[in-house]
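In what follows, every chain begins at residue 1, and chains take the letters A, B, ... in the order their sequences are listed.
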Amino acid sequence: MSAGIVQKQVASAIANALLEAQQQGALHSTNFPQPVVEFPKKEEWGDLSSSVAMVIAKQEKRPPLEVARVIADQLQTSCTFLENISVAPPGFLNLTLRPDCWFSVLEEIERTGDRYGHSQIGQGQRVLLEFVSANPTGPLHMGHGRGAALGEALARLLRSAGYEVDKEYYVNDAGRQMKLLADSVYARYLELHGRVGSFPEDGYHGDYIKVLAQAMDQEKGADLLDLNPQDARRECGQWASQELVRAIQEDLAQFGVEFETWYSEASLFASGKIQTALNELEQRDLVFAQDGATWFRSSRFQDEKDRVVCKQDGDYTYLASDIAYHFDKLRRGYGWLINIWGADHHGYVPRMQAVIKAFGYGDDCLRVVLVQMVRLLRGGNKVEMSKRAGEFVTLQEVVDEVGADAAKFFFLMRRSDTHLEFDLELAKKQSNENPVYYVQYAHARLASLFRTAQERGVRVSPVGEAPLSALVQPEEIRLMKQLSGFPELLEAGAKALEPHRITFYLLELAGLLHVFYYKHRVLPPRVEDVKSEESGDLDHDGETNELVREDLSRELTMARLVLLKQVQTVIKNGLRLLGVSAPERM
RNA sequence: GCGCCUGUAGCUCAGUGGAUAGAGCACUGGCCUCCGGAGCCAGGUGCCGCAGGUUCAAAUCCUGCCAGGCGCGCCA
């Protein structure tokens, strides 16, 4: 556990107060829940608040407000780090901490550095995260980009929470789609040699097929014309899918997404793993023959009906591959499988859950994260895409146009199960409309500050040596509070599989930083500035942007530099989890 | 017909049991002699789709309905 150390401290203080109150007869319950401590919505309500009084009111058989007062009295006497404590209807405990409580957060960040916020809730459990897994029948498009960004961020988030995550891409290099690809490429190849090939009815019409045929022609010349059509087609298919997989790998690498393994569907056939998995099911009496086909009894496991795994013509269905694939994942020792799928595959989820259960695993072993469609806009107008005609915006085009950072950040600004509007013009804008730059700018601004400090010979001291008691301004306290919430954010985000929470956190943190930075100075003015500035140091005041005086002592400079160093660390940590760069300059 | 997802400010969306529901954008007006103005400040908006229910407490949980999206193959 590494929920924010301040919250932890307060929670245990409340827990102690409950016990003490009970020993003194002020409370009667024998069992107390772990007190929940959270940031209240309004600053007037204090730094932290707890609802514990309302939770135990029932077992105490007293009104929540009365219970809250008892706890408050106990805390008042036993707790030294509280500046103020109050109760509010219907029974909240509102706590205001002494400012120096937050200093421990700065120490914690300095001590743990780029691991600040990490936890061990995953306990080293091995997770297989499968995502993208687009058929190697064409280039990746926008929707795949969303899945890719999500998967990469999720992997990093889960690793930060103590899971051992492997990322895997399942390559569908078998089956009907591959046959169509082979036929399409072969037809284009024949055209190159002046022969009229019959282009498959539902083949792939995109221009990239022609490009593939040309490339293959360059490499192999007219060799394929001598083969019988069946062998030639197979050759075309294998060659094309290899090329496409390589192109996909390049696209993803440029997008900053890499996989530990690329798992071939065809290898399941070649190695006999499909038959092995089906035999395993047969031993469990979960397959049967009917109408000349072989069926899996998925209805035993809350699927709506049984499913065919081997067709009348003897071919395996796609489900058969998936059964073998997931069986293999489990056999490789992963205790938790996470699949990121397009939302249009949601109907397939119960079937896959049935497979997991059929092999004797709990249904919590497989978690499917569904990703909704991306609606692409350009300056507010919808960009039409038609996969049929081979016209779609590829991931490559988007990355070329707006950059990998902006693309990833935009993909991760929404919960995965909501539709996403992606406006190319907005993502490109280098202005306040663009959230990516707002966060990155905060980081670059701090980097610049530290460069300037170094130029002027001002050293950033270790936290332990800094006069932190100089930090008393609301903007400073707010920053420290926000920093203290980072560990809890990562834990909760990992549990919920929701990396988008990090983007919102970073936008808030960047906002607090910008406000602070506007209102307060950190470095003393240069000597020549002081001479020309007879009226003394200027600074900005509380809730307005009017100029006011603020004495900038040496101590204050030191303390603020140390604070901002930790802010920079956390922004960098957050951006890294999203897979977005934290630039030193922009 | 059945199933899954979504419905929150003009727009795009946060918020999944807590207090008077938030942010960005858009709109209006202001702020740079100074560490990066890609920044800051001020201005107002809501039958939280509708109706019941559970609870001390519901945007959040349950039920029904309405609207939009997506599925429901011996396709992948």
Side-chain angles (χ1 to χ4, degrees), chain A residues 36 38 40-42 45 49 51 54-55 57-58 63-64 88-92 94 135 137 172 174-178 180 202 265 291-295 304-305 307-313 315-319 321-322 342-350 370 372-373 380 413-415 417-421 423 426 429-438 440-442 444-453 455-456 458 496 500-501 503-504 507-508 510-511 513-515 517-526 529-530 532-533 537-540 543-547 557 560 585-586:
Chain A
V36 174
E38 52 195 4
K41 270 189 291 198
K42 307 235 172 202
W45 296 336
S49 69
S51 58
M54 289 177 285
V55 176
K58 198 161 206 171
F92 287 101
N94 288 335
N135 292 343
T137 53
N172 296 116
R176 195 178 115 85
Q177 302 302 322
M178 280 319 298
L180 278 175
D202 35 9
E265 181 187 7
D291 305 332
T294 309
W295 299 67
E304 53 189 6
K305 55 184 175 187
R307 309 286 176 178
V308 171
V309 289
C310 190
K311 298 183 271 183
Q312 280 178 340
D313 64 10
D315 283 352
Y316 292 119
T317 62
Y318 185 75
L319 179 61
S321 303
D322 261 344
D344 53 345
H345 289 78
H346 70 259
Y348 204 72
V349 176
L370 296 173
Q372 280 290 355
M373 308 257 110
M413 273 201 311
R414 300 284 176 263
R415 241 174 46 220
D417 57 2
T418 62
H419 290 268
L420 172 84
E421 287 204 349
D423 194 316
L426 180 58
K429 271 190 187 164
Q430 304 199 353
S431 76
N432 57 353
E433 290 171 60
N434 190 335
V436 188
Y437 291 105
Y438 189 78
Q440 289 188 317
Y441 178 59
R445 220 178 182 186
L446 290 175
S448 167
L449 173 73
F450 294 123
R451 280 195 300 271
T452 308
E455 282 163 20
R456 297 188 191 174
V458 181
H500 77 275
R501 298 181 188 204
T503 62
F504 285 90
L507 286 166
E508 282 172 22
L513 185 268
H514 288 310
V515 171
Y517 203 74
Y518 179 79
K519 287 184 178 171
H520 303 288
R521 288 194 58 79
V522 178
L523 299 176
R526 285 168 299 181
D529 293 335
V530 173
S532 64
E533 200 180 286
D537 296 346
L538 289 180
D539 211 311
H540 308 282
E543 301 308 318
T544 73
N545 63 343
E546 311 244 316
L547 299 169
T557 291
R560 284 179 174 169
R585 345 177 108 86
M586 294 171 69

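- Annotated as syn: B:C32, whose O4'-C1'-N torsion sits within 90° of 0.
- Residue A:Lys42 is in base contact, counting any heavy-atom pair closer than 4.0 Å across all strands shown.
- Between A:Tyr438 and B:C40, a side-chain N or O to OP1/OP2 separation shorter than 4.0 Å is present.
- Between A:Lys58 and B:U55 there is no side-chain N or O to OP1 or OP2 distance below 4.0 Å.
- In this structure, A:Pro63 reaches neither bases nor backbone, as no heavy-atom distance under 4.0 Å exists between it and the strands shown.
- The base of B:A19 sits within donor-acceptor range of the side chain of A:Ser49, with an N or O pair under 3.5 Å.
- The distance from atom OH of A:Tyr441 to atom C1' of B:G24 is 18 Å, rounded to the nearest whole Å.
- Residue A:Asp417 contributes atom CG, which lies 12 Å from atom C1' of B:U16 at whole-angstrom precision.
- Contact annotation: A:Ser51 side-chain N/O to B:A57 OP1/OP2 distance is not under 4.0 Å.
- A sub-4.0 Å separation between OP1 or OP2 of B:C35 and a side-chain N or O of A:Arg560 is absent.
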Next on the checklist: Before you tell me yes or no, could you show the steps for A:Arg176 and A:Asp202 under salt bridge (charged side-chain N to carboxylate O under 4.0 Å, His left out), namely the whole-Å CA-CA distance, both residues' side-chain angles and the distance that decides it to 0.1 Å?
Outcome noted: CA-CA 11 Å; A:Arg176 195 178 115 85; A:Asp202 35 9; 3.2 Å; yes

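- Taking atom CZ on A:Arg521 and atom C1' on B:G36, their separation rounds to 12 Å, with Å as the unit.
- Atom CD of A:Glu38 and atom P of B:G15 are 15 Å apart (whole Å).
- Counting only heavy atoms from C-beta on, A:Thr418 has its side chain closest to B:U6 among B:U6, B:C74, B:G36.
- The nearest whole Å value for the distance from the OH atom in A:Tyr437 to the C1' atom in B:G39 is 16 Å.
- Contact detail for A:Asn94 and A:Ser49: the closest heavy-atom pair is OD1-CB, 3.2 Å.
- Residue-to-nucleotide contacts include no donor-acceptor pair under 3.5 Å from the side chain of A:Asp322 to the base of B:A76.
- Using a 4.5 Å heavy-atom threshold, the side chains of A:Gln440 and A:Met586 count as touching.
- B:A57 and B:A42: their P atoms are spaced 36 Å apart (whole Å).
- Nucleic acid contact for A:Glu421: sugar-phosphate only, since backbone atoms but no base atoms lie under 4.0 Å from a heavy atom of the residue.
- The OH atom of A:Tyr518 sits 10 Å away from the P atom of B:C31 (whole-angstrom rounding).
- When the P atom is used for both B:A14 and B:U20, the distance is 25 Å, rounded to whole Å.
- Taking the side chain of A:Lys41 as heavy atoms from C-beta on, and the options B:C5, B:C74, B:A21, the nearest nucleotide is B:A21.
- In this structure a side-chain-to-backbone donor-acceptor pair under 3.5 Å is present from A:Asp313 to A:Asp315.
- Considering all non-hydrogen atoms of both residues, A:Val522 and A:Arg560 come closest at CG1-CB, 4.1 Å.
- In this structure, the side chain of A:Thr452 engages the main chain of A:Ser448 through a donor-acceptor pair within 3.5 Å.
- Contact annotation: A:His500 side-chain N/O to B:G15 OP1/OP2 distance is under 4.0 Å.
- When all heavy atoms are compared, the tightest approach of A:Ala442 to A:Ala510 is CB-CB, 3.8 Å.
- Across all strands, A:Arg501 comes closer than 4.0 Å to no nucleic acid atom at all (heavy-atom distances).
- Going from the P atom of B:G37 to that of B:A9 covers 35 Å, rounded to whole Å.
- In RNA chain B, consecutive stretches of 3 or more Watson-Crick or G-U wobble pairs with both distances under 3.5 Å are given as paired ranges: B:1-7 with B:66-72, B:10-13 with B:22-25, B:27-31 with B:39-43, B:49-53 with B:61-65.
- Nucleotides B:C5 and B:C48 are separated by 23 Å at their P atoms, to the nearest Å.
- Listed nucleotides: B:C40, B:C56, B:C35. Nearest to the side chain of A:Val515: B:C40.
- Between the C1' atoms of B:G3 and B:G53, the separation comes to 24 Å (whole Å).
- Taking all atoms of both residues into account, the shortest heavy-atom contact from A:Lys311 to A:Thr317 is CG-CG2, 3.7 Å.
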Item to check | Intermediate values then yes/no, side chain to side chain donor-acceptor pair (under 3.5 Å), A:His514 and A:Arg445 | outcome: CA-CA 9 Å; A:His514 288 310; A:Arg445 220 178 182 186; 3.0 Å; yes

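- One can place CG of A:Leu420 at 17 Å from C1' of B:G68, the figure rounded to the nearest angstrom.
- Taking only side-chain nitrogens and oxygens, A:Ser448 comes nearer than 4.0 Å to OP1 or OP2 of B:G36.
- Side-chain proximity of A:Arg414 to B:G36, B:G18, B:U12: nearest is B:U12.
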Checklist entry - Should A:Asp322 and A:Tyr348 be marked as a side-chain contact (heavy atoms from CB on, under 4.5 Å) after you check the CA-CA gap, both sets of side-chain angles, and the distance that decides it? => result CA-CA 11 Å; A:Asp322 261 344; A:Tyr348 204 72; 3.3 Å; yes

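- Residue contacts shown for A:Ala453 are absent, as no nucleic acid heavy atom lies under 4.0 Å away.
- With C1' as the reference atom, B:C65 and B:U16 are 22 Å apart, rounded to whole Å.
- Taking the side chain of A:Asp291 as heavy atoms from C-beta on, and the options B:C56, B:A19, B:C74, the nearest nucleotide is B:C74.
- Taking atom C1' in both B:G73 and B:G24, one finds a spacing of 44 Å when rounded to whole Å.
- Proximity of A:Arg415 to the phosphate of B:C5: no side-chain N or O atom is located under 4.0 Å from OP1 or OP2.
- With sequence neighbours excluded, no residue forms a salt bridge (charged side-chain N to carboxylate O under 4.0 Å, His left out) with A:Glu265.
- Side-chain contact between A:Arg307 and A:Lys305 is present, with at least one heavy-atom pair separated by less than 4.5 Å.
- Nucleotide B:C34 holds its P atom 11 Å from the CZ atom of A:Arg456, rounded to whole Å.
- B:A67 and B:U28 have their P atoms separated by 38 Å, given to the nearest Å.
- Both A:Leu370 and A:Trp295 lie close to RNA chain B; mapped to their nearest nucleotides by heavy-atom distance, the more 5′-ward contact belongs to A:Leu370.
- A:Asn172 places a side-chain heavy atom less than 4.5 Å from the side chain of A:Asn135.
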Give me the distances for all protein-to-nucleotides 70-72 of chain B N/O pairs that come in under 3.5 Å?
none

